[in-house]
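First comes the structure, then the notes that go with it.
Read the numbers this way: they start at 1 and go in the same order the structure lists the ligands and their atoms.
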Amino acid sequence: MTTQQPEFEATRACAIELDRNDTMHSWRNEFHFPDKRNGRDAVYFCGNSLGLQPRRAAQYVNEELDSWARRGINGHFRGKRPWLSYHRYATEVMADLCGAHSDEVIAMNTLTVNLHLLMATFFRPKGTRRKILIESTAFPSDRYAVVSQLSMHGIDPHDGLLEWCPRAGETDLRLEDLERLVADNHDSIALILLPGVQYYNGQVLNMPALCDIARRAGCPIGLDLAHAVGNVSLALHDWGADFAAWCTYKYLNSGPGAVGGAFVHRRHLAANDRQPLRGWWGNSEGSRFRMARDFDPAPGIESWQVSNPPVLALAPLVASLELFREAGFEQLQQKSQRLTAWLEFLLESTLPDAIRIITPQQERGCQLSLTVVGGTREPKSAFAQLDPLNVIVDWREPDVIRAAPAPIYNGFEEAFEFVQRLKLAIGG
Ligand SMILES: *Cc1c(COP(=O)(O)O)cnc(C)c1O
């Protein structure tokens, strides 16, 4: 994508025309938008933190509340979507979004919990291989999880943590730096854990290359797809990632604290070489209620389930994934690239001296991370001005505003409004 789109003109009329020509535009009607404030409609570019509520989410939750009311325990076996296998209503679309087979993907637990479960299995320090490689700007929860996994094995994080760092004055992670780091430490790395999309600067990492690097180094790799799933195209199976985990409340719009997802590659499932931590829901459905002492694993990644799933928290996810299926991810991707290019064009033409985009142009999904470099207000107080203007974006310390237009519900005129209000907020 370049910014030299001939049909882009920084006017509201152009924005309205782009919305009119957008075949995906009507999907926004499937979502609740936040209330008006001070006479202004909300501009919601925060789907990277919490996606908007699908209108049909309430219906899906109510169906299960109703099933519980009418059937009690029998809701596990009867009704439109029996709870015993309720998680499966999320499997197919999530597998498509991840580029995985349906026996490699499951909705369960939450992201950090899944990272722990997966690391409990995939982090096996042995001999000289005792380190975990992460990126130095990793999301705090991932870092805490990794550090505690090291500690659990009696490894001092100062020795056990290897960090892939951006160069001085940069925020991008460079692949050649990772290659060098891995080459220099290949005897000591036991696990690599990296994001698909970096949460702070929005950089999409070259995931197939990351998987190649891990394979050549002979160590497993896990991907945190929190900011990637529902945002960029993924091919986890073909890339050969060992495992992955993600939350679903960001681009997948499943609601606050909703159930997360996990992937384990078929080669591990088939070889049964990675024994997960067990619980009764990982036991095969046929023998689960025999209450046997011996574990009889369910097929595929279903054997990694631990507890019986929170059906009420899965229901909005199932509702939202149906929207993705109906809309089609490829079309959403095309719109996403155009919408983000439009936002970039508007920022560069309207606020050339006040805003700098730090997201690398050739490696991005829908998110643009912005720093305020001009205007009359300090960056953080400029950000604070956005709230009364009913612009919902987020701030990440030390100095970044993240704006993530989600193609399934955001539009071109909203991007225009965003830039107009940002200009007001910045002042000058
Ligand atoms: C959003 C996010 C999380 C959140 O973790 P939860 O366990 O869902 O609270 C963790 N890691 C990354 C990289 C994230 O972007």
Under a 3.5 Å threshold, I'd like every N/O contact between ligand 1 and protein atoms, with atom names and distance.
{"residue": "ligand 1", "atom": "5 (O)", "partner": "T112", "partner atom": "OG1", "Å": "3.3"}
{"residue": "ligand 1", "atom": "7 (O)", "partner": "T112", "partner atom": "N", "Å": "2.9"}
{"residue": "ligand 1", "atom": "7 (O)", "partner": "T112", "partner atom": "OG1", "Å": "2.6"}
{"residue": "ligand 1", "atom": "8 (O)", "partner": "Y249", "partner atom": "OH", "Å": "2.6"}
{"residue": "ligand 1", "atom": "11 (N)", "partner": "D142", "partner atom": "OD1", "Å": "2.6"}
{"residue": "ligand 1", "atom": "11 (N)", "partner": "D224", "partner atom": "OD2", "Å": "3.4"}
{"residue": "ligand 1", "atom": "15 (O)", "partner": "H227", "partner atom": "NE2", "Å": "2.9"}
{"residue": "ligand 1", "atom": "15 (O)", "partner": "K250", "partner atom": "NZ", "Å": "2.6"}

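- No side-chain donor-acceptor contact under 3.5 Å links E348 to the backbone of L343.
- Taking the side chain to side chain donor-acceptor pair (under 3.5 Å) definition, one finds that T248 meets it with S254, sequence neighbours left out.
- Under the side chain to side chain contact (heavy atoms under 4.5 Å, CB included) criterion, N206 pairs with L175, P208, A209, sequence neighbours left out.
- Among the candidates F289, W68, W83, the single residue satisfying the ring pair (Phe, Tyr, Trp, His ring centres under 6.0 Å) test with H76 is W83.
- With a 6.0 Å radius and a threshold of 12 heavy atoms from other residues, nucleotides or ligands, E378 has its CD atom at or below the threshold.
- Contacts classified as ring-ring contact (aromatic ring centres under 6.0 Å, His included) and involving residues 88-112 (residues at least two apart or in different chains) are given here: Y86-Y89, H101-H237.
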